[in-house]
There are 2 protein chains.
Amino acid sequence: MSAKRHPGSDRRAELLAIAGRLFASRGFATTTVREIADAAGILSGSLYHHFDSKESMVDEILRGFLDRLRSAYRRVLAEQADPRAALTALVTVSFESMDTDGDAIAIFQNESQHLAQFERFGYLCSTAEELEGCWLDVLKRGQRAGVFRRDLRVPLVYRFIRDTVWVAVRWYDPRGSLSAEAIAEQYLTILCQGIVELGS
Amino acid sequence: MSAKRHPGSDRRAELLAIAGRLFASRGFATTTVREIADAAGILSGSLYHHFDSKESMVDEILRGFLDRLRSAYRRVLAEQADPRAALTALVTVSFESMDTDGDAIAIFQNESQHLAQFERFGYLCSTAEELEGCWLDVLKRGQRAGVFRRDLRVPLVYRFIRDTVWVAVRWYDPRGSLSAEAIAEQYLTILCQGIVELGS
DNA sequence: GTCTATACTGGGATAGAC
DNA sequence: GTCTATCCCAGTATAGAC
């Protein structure tokens, strides 16, 4: 079992937050359980009272994030019929998730390719595919509706959007001057209108 | 000394290519010297005849790549006076570098934030700043010339471009149907004109 | 829930023979 | 240039006391 006991306890969440911060900034492989324990003010052995292994920590972090993101995306698709409004909402929701799930996003970006090789983390691929489906759906509907250019390859556009949005977690600072919403807006301007001045 | 001996030997280059492939796909920390040696068909100890350490291998890989990229960028700035032509050239040169330096780019993307913490890899930051300067220069000149929109924040635009271009190494396949040049072209279309159909 | 103590493994690296 | 053999350390994880 991945939740050894007290599944909903505050201490678990606290330890996961500490571990997540370290995994995100130093990498999963290079973060030692001793470092996590140190940061939490306990000894490494004590961590195993809460978690089975280092792997199960990162597993729990990623599952929580992906569950929340999937719900948010589904809500967008259910509520936004207009393709362009849906695109705006997907981008905004994604940037906003950096405020609450920044560490998990960084871990997902940096480690999922590597982790997905193990059966235990197979859900990383399947969930990623479902999320991809949300974007593709919106882009294709938009093309059919004549809102988005038809000369662009949708899979390519999807990858550019996905990469640009998520990789922003590397420099986005939740306590900085630019809010997630403001960044989402500037990004949508570039994405939709391009950077070239009209008439030039 | 990082080049233990025979600095220009073929065997060195061969071993570096093997190591680079592993570092890129499995991560630097999770790749063991024994795996590298296995892939090369020799024993781990024999690697130390060519290199001081695992670190010096990744060091040499990154230095080579950054040197080549820096030269290419400088050439672009020297040859392209027009901002839009320079932007196109920077994007194209970057995508084309994936054909020859794909592994190094992946390593740079995945590990440099972590590696840059050590003095030995301080050049990662300084070189990244110089490369950033090339993009900022082109974007600012373009804004002054009225070619690029003035309502966009240049540093933000730079980060979006940089991230989108380089993160493409995760899915770009040099032997796939889309050439680097073709991808650069589609990307420039999105970047310059946006994805929205004119008049909608 | 944390500590003490420690088992066990695998990783990076070295010395010297061939 | 590669192999044999091996050292040493650091990392994950465990058992049981408190």
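Computation of the quantities below employed the complete heavy-atom set of this structure, encompassing side-chain atoms and omitting hydrogens, waters and symmetry-equivalent molecules. A, B, ... follow the sequence lines: proteins, then strands. Residue 1 opens every chain.
Using a 4.0 Å cut-off, some side-chain N or O of A/Y48 falls inside it from OP1 or OP2 of D/dA13. Distances shorter than 4.0 Å separate some side-chain N or O of B/S46 from OP1 or OP2 on D/dC3. Phosphate proximity of C/dT14 to B/H49: absent, as no side-chain N or O sits under 4.0 Å from OP1 or OP2.
Screening B/K54, B/R34, B/M57 against B/L47 for a side-chain contact (heavy atoms from CB on, under 4.5 Å) leaves a single residue, B/M57.
In the hydrophobic clustering, where aliphatic and aromatic side chains (Ile, Leu, Val, Met, Phe, Trp, Tyr) are joined below 4.5 Å either directly or transitively, A/V167 groups with B/V167.
The salt bridge (charged side-chain N to carboxylate O under 4.0 Å, His left out) check on B/R170 picks up nothing, with sequence neighbours excluded.
In this structure, A/K54 atom NZ and D/dA10 atom P are separated by 16 Å, rounded to whole Å. Summarising the geometry, the separation between CG on A/L22 and C1' on D/dT12 is reported as 16 Å, rounded to the nearest angstrom. To the nearest angstrom, C1' of D/dG1 lies 13 Å from CZ of B/R12. Between the CG atom of A/L47 and the C1' atom of C/dT4 there is a distance of 16 Å, given to the nearest Å.
Taking only side-chain atoms of A/H50, from C-beta outward, the nucleotide of C/dA13, C/dT2, D/dT2 with the closest atom is C/dT2. Distance from the side chain of A/T32 is smallest for D/dT12 among the nucleotides D/dT12, C/dT2, D/dT2.
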For residues 130-137 of chain B, run the donor-acceptor check on the side chains, cut-off 3.5 Å, and write out each pair with its distance to 0.1 Å, sequence neighbours left out.
unit_1	atom_1	unit_2	atom_2	d
B/E130	OE2	B/R74	NE	3.1
B/E130	OE2	B/R74	NH2	2.9
B/W135	NE1	B/Y73	OH	3.4

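Listed by first and then second residue, the salt bridge (charged side-chain N to carboxylate O under 4.0 Å, His left out) pairs involving residues 150-168 of chain A are A/R149-A/D151 (not counting sequence neighbours).
Less than 4.0 Å separates DNA chain D from at least one heavy atom of each of the following residues of residues 34-45 of chain A: A/R34, A/G45.
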### Task
Assess whether salt bridge (charged side-chain N to carboxylate O under 4.0 Å, His left out) is satisfied between A/R11 and A/E14, documenting all intermediate values.
CA-CA 5 Å; A/R11 188 63 172 144; A/E14 206 180 327; 3.3 Å; yes
List every contact pair, protein side and nucleotides 16-18 of chain C side both N or O, where the distance is under 3.5 Å.
none

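Relative ring orientation between A/Y187 and B/F160 is described as tilted, the plane-to-plane angle lying within the 30° to 60° band. Relative ring orientation between B/F118 and B/H114 is described as perpendicular, the plane-to-plane angle rising above 60° on a 0-90° scale split at 30° and 60°.
Using a 4.0 Å heavy-atom distance criterion, B/T30 is classed as making no nucleic acid contact.
Enclosure of atom CD in B/Q193 by more than 12 non-hydrogen atoms of other residues, nucleotides or ligands within 6.0 angstrom is indicated.
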